[in-house]
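In this text, all values refer to a predicted model and were calculated from it rather than measured experimentally.
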Amino acid sequence: MTHEMAETLARAIAPRLAALRALAREQHVTRAADALGVPQPTVSRWLAELGRELGAPVVVRVGRGVRLTRAGELLADAAEEAMAAVEAGCRRAAEEADPERGRVVFAFLHTMGGVHVPELLRAFRKRHPGVRFTLMQAAHEEMLGRVRAGAADLALTSPLPAEPDLRAAPLYRQPLVLAVPRHHELAGRDGVAVAELAGEPLVGMKPGYGLRQITDELCAAAGFRPALGFEGDEVDTVRGLVAAGLGVALLPAAEPAPPDAVAEVPLRPAATRTVGLVWAGGRPLPPAARLFRDFAISLRPAGGAAHA
């Protein structure tokens with residue numbers, strides 16, 4: 001049998017899988033029809049059509065009942081396996097549709113994995129213990145791409161996008177500081193302007209990360225374009241570069257404290273980044289993801305608003 005013929009036969013069999021399984025169990029057309037809740041002539045017609053498509057009968061009469069032929073038995077075995085898989089899929093789909101038992105695919109920045117995300121998940125699971133999570137960490141632009149593609153339900157990121165195909169809700173503002181080596185001349189200052197960094201060696205995140213975008217924007221607003229001598233994938237790596245004396249960096253304040261070899265200097269004027277949830281516009285969130293989104297939004301300080 002050619003591949004095309006097999007596909008044609010599979011299409012003919014697909015709507016009749018339950019009938020084949022019922023017939024294999026009951027060995028009687030009328031009882032199989034009763035089990036399915038369809039008229040007996042309908043089951044008989046399905047079996048005759050299957051035989052014609054296959055080119056060999058799938059049942060033979062034995063007294064007042066029927067018996068599956070060898071070809072029918074092979075198809076019935078396949079029907080049993082296929083229906084079991086479909087039923088398992090239906091159970092998973094039902095769980096997915098239940099906000100208290102569904103799964104949330106949640107992406108977040110590496111900088112959120114230490115404190116913010118675990119605290120948020122712990123608070124949510126206290127109220128909704130049946131919800132399951134698939135967690136992923138990625139760069140800002142990569143996370144937005146996963147949300148657009150449906151590979152992630154929600155992303156916790158910064159800065160929040162303004163693209164029309166995405167929706168966002170700010171959750172909180174995170175202070176930004178200048179991280180410098182402990183013995184750097186700026187380490188003892190009570191504040192530093194970004195414009196003062198024009199002559200300083202800078203280190204930071206690679207392009208595509210939200211912090212890199214914010215660094216570029218702050219420097220551009222101060223009148224210069226940063227030239228980073230070293231670029232990293234994680235904030236801890238960038239802090240390590242600072243500790244090694246390879247440059248200074250604009251970073252979120254370390255939690256609970258920076259390494260001994262790093263000092264943090266406040267920016268003047270103060271600078272923050274807005275951290276929030278992002279999801280795709282134009283398609284509904286799964287119920288569990290919607291439940292988690294609404295819970296996270298409910299925890300934010302008064303005055304925040306979702307970006308349409």
Side-chain angles (χ1 to χ4, degrees), residues 1-107 124-125 128-136 146-154 279-280 282-292:
M1 178 180 291
T2 66
H3 178 70
E4 291 76 12
M5 292 172 64
E7 284 189 346
T8 300
L9 181 59
R11 286 194 296 270
I13 290 173
R16 301 163 175 81
L17 293 178
L20 268 175
R21 182 171 67 167
L23 187 62
R25 293 175 174 179
E26 300 293 341
Q27 295 293 311
H28 195 280
V29 175
T30 301
R31 290 198 298 269
D34 290 342
L36 295 170
V38 299
Q40 182 269 332
T42 300
V43 174
S44 296
R45 186 177 70 253
W46 285 350
L47 296 173
E49 290 171 353
L50 276 178
R52 286 195 297 271
E53 291 285 348
L54 184 61
V58 295
V59 295
V60 293
R61 288 202 170 275
V62 179
R64 298 171 64 98
V66 295
R67 178 178 59 79
L68 289 171
T69 64
R70 176 59 181 158
E73 290 176 350
L74 291 171
L75 289 179
D77 289 345
E80 184 72 44
E81 294 179 6
M83 288 300 295
V86 171
E87 288 166 356
C90 289
R91 287 193 298 272
R92 292 193 297 269
E95 290 178 357
E96 182 71 12
D98 183 347
E100 295 293 346
R101 295 191 297 160
R103 180 180 298 276
V104 181
V105 182
F106 183 37
F124 179 78
R125 287 294 293 275
H128 308 284
V131 176
R132 296 160 295 155
F133 283 83
T134 296
L135 305 177
M136 58 178 67
R146 291 183 181 183
V147 169
R148 286 189 179 96
D153 298 319
L154 296 162
W279 63 96
R283 66 171 181 263
L285 278 171
R290 186 168 63 248
L291 185 70
F292 178 61

Subject >> Worked check of side-chain contact (heavy atoms from CB on, under 4.5 Å) between Val147 and Leu154 >> reply: CA-CA 7 Å; Val147 169; Leu154 296 162; over 6 Å; no

Original post:
Under the side-chain contact (heavy atoms from CB on, under 4.5 Å) criterion, do Phe133 and Arg125 qualify, and how do the steps go?
Top reply: CA-CA 10 Å; Phe133 283 83; Arg125 287 294 293 275; 4.2 Å; yes

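Considering every non-hydrogen atom in both Ala71 and Pro57, the closest pair reads CB-O, 4.3 Å. Shown here for Val131 and Ala288, the closest heavy-atom pair between the two residues is CG1-CB, 4.2 Å.
For the pair Arg31 (side chain) and Glu26 (backbone), a donor-acceptor distance under 3.5 Å is present. Judged purely by atom type and a 3.5 angstrom limit, Asp153 uses its side chain to pair as donor or acceptor with the backbone of Val105. Formation of a donor-acceptor pair under 3.5 Å by the Arg132 side chain with backbone atoms of Val104 is not found in this model.
The distance from the CZ atom of Arg21 to the CG atom of Asp77 is 12.5 Å, given to the nearest 0.5 Å. With rounding to the nearest 0.5 angstrom, the CG atom of Leu23 is 5.0 Å from the CG atom of Leu68. For the atom pair CG of Leu50 and CZ of Arg45, the computed distance is 11.5 Å after rounding to the nearest 0.5 Å. Between the CZ atom of Phe292 and the CH2 atom of Trp279 there is a distance of 12.0 Å, given to the nearest 0.5 Å. For the atom pair Met136 CE and Arg146 CZ, the distance stands at 5.0 Å (nearest 0.5 Å).
Every side-chain hydrogen bond (donor to acceptor under 3.5 Å, both in side chains) that Thr134 has, sequence neighbours left out, goes to Arg103.
No more than 12 heavy-atom neighbours from other residues, nucleotides or ligands sit within 6.0 angstrom of CZ on Arg61.
Thr69 and Glu73 share no side-chain donor-acceptor pair at under 3.5 Å.
Residues Leu291 and Glu100 form a side-chain contact, since some pair of their non-hydrogen atoms from C-beta on lies under 4.5 Å apart.
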